[in-house]
Amino acid sequence: MDEKERKQAIYPISTESLQQNGKNVYYIRSVTSTIFGVSAGILGLESYYGFLFYFAGTAFVSLLLFLLLARGQPTEYFASANDIWIGNALTGLSSFVLTWTLFYGLVDA
Amino acid sequence: MVTAPDLVIDPSLRDWVLFPILLVMILVGILRHYITLLLQSSPKQLDLLAIREQQSLARGASLRSNGKLIPPSSFQSRKTYLIQAFKNGIFLKDQEAFKNKDEPKPPANPLAEPGGMDQMLNMLKGNMVMIVPQTLLMSWINFFFSGFILMKLPFPLTVRFKSILQSGVATRDLDVRWVSSMSWYFLNLFGLRSVYDVILGSNNSAGGGMDMAGMNPGMMGGGLQPGQDIYKLYLSEAENIELTTHEYLLEDIEDRILEKYE
Amino acid sequence: MSFISTAITVFALLLLFHAGYSAYEFSHYLKHLTVNSNATLPIDIITETIVATGLFALGQVLGADKLRPVSFAKWAKGLEREGKSPFSFLERRPGYMNVTKLREEYASTKK
Amino acid sequence: MTTIIDTLRNAHTTSSYLTLPAESLQSLYDTSYKFVTSGAAARSLHPEGLYNVFELHFFLSIITGKDSEASAILTTLTDRFGQDSHRVGVLRSIYLEATDGPVKALEFLSGRQDTELGTLKRKIVILKSSNQTSLYISELLKLVDNYPSDAESWAELASAYLEAGMYAQSIFALHEVLLLVPLAYNINALVGETSLLYASSLHAASSSHSVATEERLLEAVKFFLRSVELCEDYVRGWTGVLVATNRIAAIQKPFSDTSKYKRLYDVARKALTKIVETKDASESDLNAAQLVLKNY
């Protein structure tokens with residue numbers, strides 16, 4: 001048994017918590033990206049600007065998650081700090097494209 | 001500057017094609033979620049000896065992984081007991097067959113095992129719920145809504161997508177951004193996941209696909225392939241246990257605590 | 001979801017709806033008045049949309065369930081305080097409950 | 001709404017209804033009654049969650065003596081989940097046990113499939129009420145032989161052994177629970193408590209200090225410490241450490257070096273005092289901590 005394994009056995013990590021937190025973040029990501037798509041459609045953004053808007057929005061949500069949900073200490077709640085910044089960043093992309101297309105067409109009378 | 005006259009799409013296309021497809025796809029997803037819930041059959045009841053046969057194997061595994069949490073003497077007595085029990089096959093369901101184990105026997109048929117049949121049926125059900133509605137939807141859209149342009153994508157795509165996105169539209173030089181109903185269907189197929197998340201909660205099975213494997217309880221728990229010779233598994237488990245050395249995790253716990261709190 | 005986060009989310013959605021409708025009307029007028037059809041969206045609609053989007057994200061994050069500590073010991077402490085220990089079933093053992101005794105105890109304390 | 005669901009779900013998963021005082025039971029019953037009869041349950045829960053809430057309501061009704069309500073909810077459950085559902089069968093046997101007596105319940109249970117864990121457990125429980133401890137233990141042993149991965153049964157076996165005064169066997173069964181549920185800090189503390197009892201009985205039997213007694217005490221400390229390691233500020237663990245180290249300190253001529261345990265005693269005292277001062281625990285835990293701090 002190596003040192004890392006031993007440490008893990010002494011102070012175990014709650015996988016349930018990890019999963020629950022992951023699910024939490026995933027939900028927020030997918031709901032917000034749907035709304036980002038609506039906004040991008042309303043603004044009539046096209047090609048690169050739309051995707052830029054998505055990534056800007058995602059970064060904003062990451063910031064909110066970092067400040068409000070994790071209270072500045074992502075390692076308390078996630079396996080690594082990256083999980084809050086980069087993790088799940090692309091999960092909402094397909095939903096974003098869907099609502100973006102939809103509202104892009106709807107707003108254009 | 002005079003811009004080239006843009007294509008103008010009839011608003012009734014929006015009302016009678018765009019929205020219906022969206023609505024139908026959302027409803028189908030919700031329906032699929034509930035059908036999957038209904039189809040989830042509880043694992044078939046095994047008889048008492050079969051349960052014992054399977055769970056005993058798990059007992060060996062938990063001794064190996066968590067044995068460090070119990071004192072050496074306690075671990076040792078379990079170790080001796082389990083190795084003996086596994087080697088003598090006392091957990092085996094079919095003691096008669098074990099005694100005659102040197103005689104050759106016909107290979108087991110995986111379908112004859114009740115567990116195996118069940119697993120296959122579950123997988124089949126899962127696939128059916130996935131595939132049937134998709135096929136129906138696609139042919140529905142192909143039949144009723146093909147041959148015209150439905151909408152404009154807000155982003156350009158390469159010409160390579162033309163044949164897929166403008167299927168049924170016989171205009172050769174049309175910009176790829178103008179797409180047909182089928183593209184709208186695909187957008188929905190991939191993008192509706194988060195809509196389902198909002199409506200059905202984040203643990204739904206409306207989107208099918210990704211978490212399908214997790215839905216089948218039979219596939220997760222068992223780890224036991226039907227038709228496998230369980231005695232061989234016992235022997236290898238006995239060997240694994242024998243190789244396990246005991247490192248008592250509580251050996252120096254006093255020092256750990258003192259170090260942490262003093 | 002707390003009241004504040006729900007309020008923010010609803011307000012953001014209303015704002016977004018308003019912005020969307022305005023944008024629709026705007027493009028409607030553009031087409032019918034046949035003025036310069038290249039005109040960009042008015043700044044107030046753009047601002048409204050972006051503010052609504054930001055507010056929505058804020059509402060969602062505020063309304064999200066609290067995160068759980070990854071360290072098992074810390075998480076267990078919180079559960080223990082609220083009487084939600086996931087292992088209490090091992091000592092209460094519902095499968096082996098003695099229903100007659102429980103009923104007698106309840107009846108005797110009620111009297 | 002969500003808080004009501006949370007309360008009920010929590011009561012179900014922790015089985016708190018088995019240990020609550022009468023007035024809390026009554027108020028919990030009122031909550032679940034309102035929730036179940038309002039029809040909100042069917043709308044806001046998935047089948048599994050719905051079943052759990054109904055089951056909780058059944059238990060609350062039967063414990064608080066509302067037999068007609070229990071019967072009604074049992075009918076609802078049977079209609080919804082079918083006559084053959086194992087869990088509903090278990091509930092029916094509990095209902096029969098409470099209203100018509102154990103004989104009727106046993107009769108009903110013997111008509112059910114005998115491979116279902118819940119059904120087997122109920123059969124054994126009815127044996128227990130006939131006060132035959134040795135028979136009870138041997139039946140439990142048969143059960144854990146068939147279902148070695150059911151932690152609840154191992155824990156029940158441990159408590160049966162404990163009642164019979166067979167401490168070594170009780171600890172053995174608890175070790176098995178730990179192998180299955182390695183993070184169960186409460187079981188770690190329980191091993192500690194059982195070891196303490198074991199040490200007392202050994203001490204009483206030999207009337208002088210023995211190696212065996214001392215070993216039990218040292219082991220008790222280890223398991224109490226482990227429970228504190230798994231659950232920060234675990235009052236039950238710290239009080240255990242305090243009591244056990246206090247008893248080690250009282251040994252006249254220890255066989256091993258016990259200087260470490262004096263330090264552990266101080267650590268435990270400090271930790272408990274801090275918990276009491278900052279009120280960083282549930283009320284019952286705080287009371288327990290204060291009591292132990294005063295007496296040891």
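Since this is a predicted model, take the numbers as computed values, not measurements. In what follows, chains carry the letters A, B, and so on, assigned in the order in which the sequence lines appear, proteins first and then strands, with residues in each chain numbered from 1.
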Gln8(A), CD atom: more than 12 neighbouring heavy atoms under 6.0 Å: yes
Contacting region of Tyr11(A) [heavy-atom separation from chain B under 4.5 Å]: side chain
Ser95(A) side chain vs Gly191(B) backbone, donor-acceptor pair below 3.5 Å: yes
Part of Phe186(B) within contact of chain A (heavy atom distance under 4.5 Å): neither
Exercise: identify the closest heavy-atom pair between Tyr26(A) and Asp197(B): CE2-OD2, 3.2 Å
Side chain to side chain donor-acceptor pair (under 3.5 Å): pairs with one or both residues in residues 58-67 of chain B, sequence neighbours excluded: Arg59(B)-Glu176(D), Arg64(B)-Glu237(B)
Nearest heavy atoms of Tyr104(A) and Lys152(B), plus distance in Å: CD2-O, 3.6 Å
Pro154(B) versus Leu45(A), closest heavy-atom pair with distance: CB-O, 3.7 Å
Exceeds 12 heavy-atom contacts within 6.0 angstrom, atom CZ of Phe148(B): yes
Contact origin within Phe96(A) toward chain B - heavy atom pairs under 4.5 Å: neither
From Thr32(A), Val31(A), Thr34(A), residue fulfilling side-chain contact (heavy atoms from CB on, under 4.5 Å) relative to Ser194(B): Thr34(A)
Salt-bridge criterion met for Glu46(A) and Arg177(B) (N-O under 4.0 Å): yes
Salt bridge (charged side-chain N to carboxylate O under 4.0 Å, His left out) partners of Glu242(B), counting only residues at least two apart: Lys87(B)
Flag side-chain contact, heavy atom, 4.5 Å: Phe190(B) against Leu93(A): no
side-chain contact (heavy atoms from CB on, under 4.5 Å) partner of Ile10(A), the single match among Leu249(B), Ile253(B), Leu250(B): Leu249(B)
